[in-house]
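Note on naming: letters A, B, ... go to the chains in the order of the sequence lines (proteins, then strands), and numbering restarts at 1 for each one.
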Amino acid sequence: MPRRYWLLKSEPDVFSIDDLKKAPSQRTVWEGVRNYQARNLLRDELQKGDGVLYYHSNAKPSAVVGTATVVRTGYPDPAQFDKKSDYHDAAATEENPRWYVVDIAFESIFKHPVSLETIKETRALSEMVLVKRSRLSVQPVTEAEWKLILRLGGGS
DNA sequence: GCCAACGTTGGC
DNA sequence: GCCAACGTTGGC
């Protein structure tokens, strides 16, 4: 399987790319996804080594702000079993987990964040899931989209 | 902070 | 299985 590409959304107030850069080993568990379609992608599709566009949603401005790498494939989200967590799910059990996570590692912060506005204005990016189905928080990205966004981001 | 879009729940 | 009610996301 060749390397694939994904876009992951996070609100910077909750967990920004700077938080990822400062995290231990510059890694994090991508916890808290509570949408079935996104869950299926995390559980079944994201592979070690895949590229991640890190997107800040609910931000000023909302933008792709850098990149990360998948470093561990899907496994049950520990937070669903944690009664004290905001992400606790009473219907989930260790035998029958409902939600999944991957681990990602920091890769780069763009010199120039690629804003949603720019993405909408760029014809070659107009088919991105981000534009078409804006609410999905884990999305596939094509290789062409990946390359163009990295170019627009101007490196790290 | 508003609210449109969209996903989920649950009664029937 | 339909669909109204409700909750959440996320751009603006």
Side-chain angles (χ1 to χ4, degrees), chain A residues 4-23 27-46 50-70 73-104 106-142 144-146 148-154:
Chain A
R4 290 197 286 174
Y5 306 98
W6 308 95
L7 180 146
L8 298 184
K9 287 185 198 171
S10 183
E11 300 192 26
D13 291 348
V14 178
F15 197 82
S16 71
I17 196 162
D18 296 300
D19 294 329
L20 177 60
K21 190 179 182 183
K22 284 183 254 163
R27 287 173 59 139
T28 193
V29 178
W30 200 256
E31 66 173 13
V33 170
R34 293 295 179 266
N35 166 283
Y36 288 105
Q37 204 177 342
R39 185 279 308 269
N40 293 346
L41 293 174
L42 292 175
R43 187 188 57 194
D44 305 330
E45 302 295 335
L46 275 72
D50 282 357
V52 170
L53 294 176
Y54 201 110
Y55 180 81
H56 280 172
S57 61
N58 255 323
K60 294 172 190 167
S62 294
V64 178
V65 291
T67 61
T69 312
V70 177
T73 54
Y75 62 99
D77 185 345
Q80 70 192 308
F81 310 124
D82 178 358
K83 285 201 173 68
K84 283 174 294 210
S85 169
D86 286 345
Y87 300 125
H88 178 247
D89 185 341
T93 62
E94 307 265 357
E95 297 73 35
N96 266 311
R98 184 182 287 195
W99 306 113
Y100 283 73
V101 292
V102 297
D103 290 356
I104 64 168
F106 175 80
E107 197 169 83
S108 70
I109 291 179
F110 288 164
K111 202 178 295 171
H112 309 292
V114 181
S115 69
L116 180 61
E117 188 184 9
T118 298
I119 289 169
K120 284 179 171 170
E121 285 169 353
T122 304
R123 177 165 292 188
L125 299 176
S126 64
E127 292 300 310
M128 282 189 73
V129 180
L130 187 67
V131 180
K132 298 250 146 185
R133 286 223 25 231
S134 67
R135 290 184 52 185
L136 193 60
S137 64
V138 177
Q139 322 182 340
V141 171
T142 68
E145 289 162 353
W146 168 268
L148 180 51
I149 287 186
L150 259 59
R151 192 146 59 78
L152 294 172

Would you indicate what A:K60 reaches in the nucleic acid, counting non-hydrogen atoms under 4.0 angstrom: base, sugar-phosphate, or nothing?
-> nothing
Scoring nucleotides 3-9 of chain C by protein non-hydrogen atoms under 4.0 Å (B base, S sugar-phosphate only, - none) yields ----BBB
Which ones in residues 121-130 of chain A lie close to DNA chain B, meaning a heavy atom under 4.0 Å from one of its atoms?
-> none
Residues in side chain to side chain donor-acceptor pair (under 3.5 Å) with [X], at least two apart?
X     : result
A:D19 : A:S16
A:N35 : none
A:W30 : none

Given A:W99 and A:Y36, is the ring-ring contact (aromatic ring centres under 6.0 Å, His included) satisfied, shown in steps?
-> CA-CA 8 Å; A:W99 306 113; A:Y36 288 105; 4.8 Å; yes
Where each residue is assigned the nucleotide of DNA chain B containing its nearest heavy atom, which of A:K132 and A:R98 is assigned the position nearer the 5′ end?
-> A:K132
Does any non-hydrogen side-chain atom of A:D103 lie less than 4.5 Å from one of A:Y75?
-> yes
Protein-nucleotide distance (A:R133, atom CZ; C:dG11, atom C1'), rounded to Å = 16 Å
Sequence neighbours left out, what passes side chain to side chain contact (heavy atoms under 4.5 Å, CB included) with A:S85? Give chain and number order.
-> A:A79, A:D82, A:Y87
Applying the side chain to side chain contact (heavy atoms under 4.5 Å, CB included) test to A:V65, which of A:I109, A:D18, A:I17 qualifies?
-> A:I17
Cationic N near anionic O, under 4.0 Å, A:D77 to A:R34 = yes
